[in-house]
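The shown structure was predicted, so the numbers you read here are calculated from the model rather than taken from an experiment. Labels below follow one simple rule: chain letters A, B, ... track the order of the sequence lines, proteins then strands, and each chain is numbered from 1.
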Amino acid sequence: MNIKGKAWKYGNDIDTDVIIPARYLNTSDPEELTRHCLEDLDSNFVDKMSKGDLIVAGENFGCGSSREHAPLAIKAAGVSAVIASSFARIFYRNALNIGLPILECPEAVENISQGDEVQVEIAAGLITNLSKNQEYQAVAFPDFMQKLIQAGGLINYLREQAGEGNVSL
Amino acid sequence: MAMTMVEKILAAHSGRNSVKPGEIVTAEVDLVLGNDITAPVAIREFEKIGVDKVFDADKIALVPDHFTPNKDINSAEQSRVLRDFAREQQLENYFEIGEMGIEHCLLPEQGLVRPGEIIIGADSHTCTYGALGALATGVGSTDMAAAMASGQAWFKVPETMKFVFQGELPDWVGGKDLILQVIGDIGVDGALYRSMEFTGETIASLSLAGRMTIANMAIEAGGKCGLIAPDQKTREYLEGRTTAEYTEYFSDPGADYFEVREYDVSQLEPQVAFPHLPENTRGISEVGEIAIDQAVIGSCTNGRLEDLRLAAEILDGRKRHSEVRLLVFPGTQQIYRQALAEGIIDTLIAAGAAVSTPTCGPCLGGHMGVLAAGERAIATTNRNFVGRMGHPESEVYLANPAVAAASAVAGRIISPGEVV
């Protein structure tokens with residue numbers, strides 16, 4: 001899967017409360033959640049961005065709550081991938097589980113500026129900065145996580161086995 | 001091979017003799033938890049998997065505690081999804097309004113959490129149960145769905161950081177201050193992907209309530225879990241709560257740690273975390289003049305009986321400052337009733353507190369204490385992110401129940417010693 005879009009650059013410790021404030025969690029409808037994506041961080045994000053754009057952020061992206069509404073809102077907004085120096089662990093799991101592409105790459109975060117055109121080859125973890133003509137290599141996923149990604153998330157992975165009665169990971 | 005507690009628990013639940021940090025294992029889980037925000041998404045995903053029944057109707061706990069008693073029509077619909085699913089699946093551990101409490105106060109109280117178990121919960125503060133020597137960690141709704149169907153979850157075996165506390169705690173200093181000190185020290189990603197292990201004579205001296213406060217906030221340092229080895233106090237806590245058999249695990253003397261940090265707490269003062277990250281900690285003497293509009297005492301971090309006792313000790317015979325709203329949220333109905341029996345609730349109300357039925361409401365700016373623009377709260381809760389308790393321009397300062405109670409009296413953040 002190849003991705004191309006404009007980079008939206010943010011700092012460290014972007015928490016799930018600013019990604020999707022709890023006041024909107026009385027619904028789990030992704031379309032509804034999307035309207036408030038990043039609202040407390042960058043109030044017009046959803047209006048400014050175009051489908052396919054990427055979020056590029058620093059350390060510990062997605063820290064805080066376990067709310068899967070956070071990656072769901074980002075995905076439903078049309079963000080094609082999140083590149084960060086590191087991810088908070090629950091957000092990391094959630095993104096893999098729901099099929100939101102994420103890449104851990106401090107070098108990319110250091111060099112990508114707001115508005116740069118960025119292309120990503122997900123399977124290879126290769127990030128190309130078209131504006132600056134640079135390439136960065138993201139940290140590779142362990143085998144098990146690659147299987148999850150290939151299946152399109154955890155539920156699809158489990159569904160592939162559900163026919164036999166019992167499901168197991 | 002020498003292993004840490006978390007490695008032993010993961011090995012035992014994944015059918016192995018040993019595991020090493022970095023390995024990915026599939027483990028059997030002992031309990032799967034969800035609430036009225038996360039479980040509706042999990043149930044939607046569960047229904048896509050293609051199985052009819054959950055793996056074990058006794059091993060799922062559903063607690064409608066966030067936007068309950070329901071604050072609006074949408075949240076009522078969310079709660080109904082839980083209720084219907086619990087009935088349809090005949091879940092043993094669904095807690096209706098009137099029985100429910102804040103999940104991380106409730107589950108240990110009900111004896112549903114035991115040493116050596118693996119508990120995953122679609123709530124980040126599930127790590128609270130590490131205080132009883134269980135591997136408990138927060139996951140998202142999809143992981144919860146998969147575990148409800150399979151009874152399993154995948155884990156990357158974490159490295160362990162050990163935190164050793166020595167010394168007697170000074171007055172008005174407790175579990176909250178120990179964990180805030182650690183988070184201030186290592187930062188909100190200082191334990192990212194890792195297990196935190198808390199040990200030493202100070203931890204041994206703490207009640208289970210104080211230990212749960214510490215383990216509860218492991219996530220605020222990015223930790224996967226926060227473990228405290230079981231001891232006699234743990235066993236006494238479990239007596240009368242559970243008849244289930246459990247296995248205690250202890251870290252081996254030669255086990256490998258990513259890092260060991262030692263603290264002498266005998267001079268520690270109450271800690272306050274400034275906006276907008278739990279790592280922005282200062283000792284109470286360095287806080288300066290911070291006027292507050294609201295004080296919140298309760299939550300999964302500090303909503304236990306010991307916390308209410310501490311608040312009542314400060315508030316006995318005193319009144320809240322006329323410009324401060326004082327809100328108190330007992331963690332469970334049992335805690336509420338015990339506090340009533342001890343006269344604590346009367347003391348709090350006499351001091352001008354609004355005492356609520358258990359709910360997570362104010363902690364996450366959901367309901368029952370939402371802040372307006374520019375307002376400031378001191379809270380015994382766990383997060384002070386932008387907009388956490390309401391308007392994005394409001395502010396939350398985190399502290400222990402004694403500091404919150406004293407500040408409610410003074411109208412500004414203050415050391416309990418200055419009020420009592």
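- Closest of all the heavy-atom pairs between A:N60 and B:V188 is ND2-O, 3.4 Å.
- Using a 4.5 Å cut-off on side-chain heavy atoms (C-beta onward), A:S65 and B:R383 make contact.
- Among the candidates A:G64, A:A88, A:P21, the residue making the largest number of heavy-atom pairs closer than 4.5 Å to chain B is A:G64.
- Contacts of A:L41 with chain B are absent, with no heavy-atom separation under 4.5 Å from either backbone or side chain.
- In this structure, A:K4 places its NZ atom where only 12 or fewer heavy-atom neighbours from other residues, nucleotides or ligands lie under 6.0 Å away.
- Once rounded to the nearest 0.5 Å, the distance linking CG of B:L277 with CG of A:N12 reads 9.5 Å.
- Contact of A:N94 with chain B is made through the side chain alone, with heavy-atom distances under 4.5 Å.
- A side-chain contact (heavy atoms from CB on, under 4.5 Å) with A:N26 is found for one member of B:D36, B:N74, B:I73 and no other, namely B:N74.
- Contacts between A:I98 and chain B at a heavy-atom distance below 4.5 Å involve the side chain alone, from C-beta outward.
- In this structure, the portions of B:S141 lying under 4.5 Å from any heavy atom of chain A include both its backbone and its side chain.
- How far CZ of A:F141 is from CD1 of B:I24: 10.5 Å, rounded to the nearest 0.5 Å.
- Nearest heavy-atom pair, B:R388 versus A:D17, reported as atom, atom and distance to 0.1 Å: NH1-OD1, 2.9 Å.
- Only the side chain of A:Y92 has a heavy atom closer than 4.5 Å to any heavy atom of chain B.
- Within the 3.5 Å criterion, the main-chain N or O of B:D123 finds a donor-acceptor partner in the side chain of A:S66.
- In terms of heavy-atom proximity, A:S28 sits nearest to B:V41 at CB-CG2, 3.4 Å.
- Nearest heavy-atom pair, B:W154 versus A:R93, reported as atom, atom and distance to 0.1 Å: O-NH2, 2.7 Å.
- Side-chain atoms of B:L364 and A:R67, non-hydrogen and from C-beta on, do get closer than 4.5 Å to each other.
- Within a 6.0 Å radius of NZ in A:K48, other residues, nucleotides and ligands contribute more than 12 heavy atoms.
- Residues B:Q78 and A:L25 fail the side-chain proximity criterion, which asks for heavy atoms closer than 4.5 Å.
- Residue contact with chain A, scored on non-hydrogen atoms closer than 4.5 Å, involves the side chain of B:I219 exclusively.
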Apply side-chain contact (heavy atoms from CB on, under 4.5 Å) to residues B:V139 and A:N97 and explain how you reach the verdict. CA-CA 10 Å; B:V139 296; A:N97 286 344; over 6 Å; no
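- Closest approach of B:A146 to A:L158, counting heavy atoms only: CB-CD1, 3.3 Å.
- Taking 4.5 Å as the limit, every side-chain heavy atom of A:D40 sits out of range of all side-chain heavy atoms of B:F385.
- When the shell of 6.0 Å around CZ of B:R16 is examined, it contains more than 12 heavy atoms from other residues, nucleotides or ligands.
- The side-chain heavy atoms of B:D143 and A:E68, taken from C-beta on, include no pair separated by under 4.5 Å.
- The two residues B:I49 and A:R159 have their closest heavy-atom pair at O-CG, 3.4 Å.
- Looking at A:P142, the atoms closer than 4.5 Å to chain B (heavy atoms on both sides) all sit in the side chain, from C-beta outward.
- Counting only heavy atoms from C-beta outward, the side chains of B:K156 and A:F144 never approach each other to under 4.5 Å.
- Neither the backbone nor the side chain of B:N382 comes within contact range of chain A, judged by heavy atoms closer than 4.5 Å.
- Looking at A:R89 and B:T137, their side chains come closer than 4.5 Å, going by heavy atoms from C-beta outward.
- Atom CG of A:D47 has more than 12 heavy atoms from other residues, nucleotides or ligands within 6.0 Å.
- In the displayed structure, A:N133 atom CG is contacted under 6.0 Å by at most 12 heavy atoms of other residues, nucleotides or ligands.
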